[in-house]
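Structure record follows, encoded as structure tokens.
Predicted model, so just to flag it, every value in this text is computed and none were measured.
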Amino acid sequence: VIFEGLRERVWKKFPISTKIGYVFTCDWCMSIWAAGFLILLFMVLPLAAYVVSLILSTSAIVGFIASRID
């Protein structure tokens, strides 16, 4: 829901049937690109990358816990 506007703009320019459009729908593909971006961020701005990693890992832990409660 948060990135719905961005996805819609990407899909208008690159339909899901294209490779770039597919990347935005494939969780596995997007995770590889996100990991690559995070590694580059660690090389350039280690403190910012640490903060981003902390936020993402906390979100993953809360999501995991929430999925086990329901």
Handout entry: Evaluation steps, side-chain contact (heavy atoms from CB on, under 4.5 Å), between Ser53 and Phe42
Key = CA-CA 10 Å; Ser53 296; Phe42 263 114; 3.5 Å; yes
Handout entry: Val52: side-chain contact (heavy atoms from CB on, under 4.5 Å) partners, not counting sequence neighbours
Key = Leu38, Leu41, Leu56
Practice task
Apply side-chain contact (heavy atoms from CB on, under 4.5 Å) to Ile61 and list each qualifying residue two or more places apart in sequence or on a separate chain.
Solution key: Ile65
Completion exercise
Using a 4.5 Å side-chain heavy-atom cut-off and chaining through intermediate ILVMFWY residues, the residues clustered with Val51 come out as Ile55
Exercise for the section: Share the residues that join Leu40 in a hydrophobic cluster, the rule being Ile, Leu, Val, Met, Phe, Trp or Tyr side chains under 4.5 Å apart at the heavy-atom level. Expected result: Ile39, Met43
Fill in the blank from the handout: For Phe64 and Ser67 the tightest heavy-atom approach is O-OG, 2.7 Å
Exercise for the section: Report whether Leu6 and Phe14 are members of the same hydrophobic cluster (ILVMFWY, side-chain heavy atoms less than 4.5 Å apart, transitive linking). Expected result: yes
Problem - Reported CH2-to-CE distance for the pair Trp33 and Met30, which is rounded to 0.5 angstrom - result: 10.0 Å
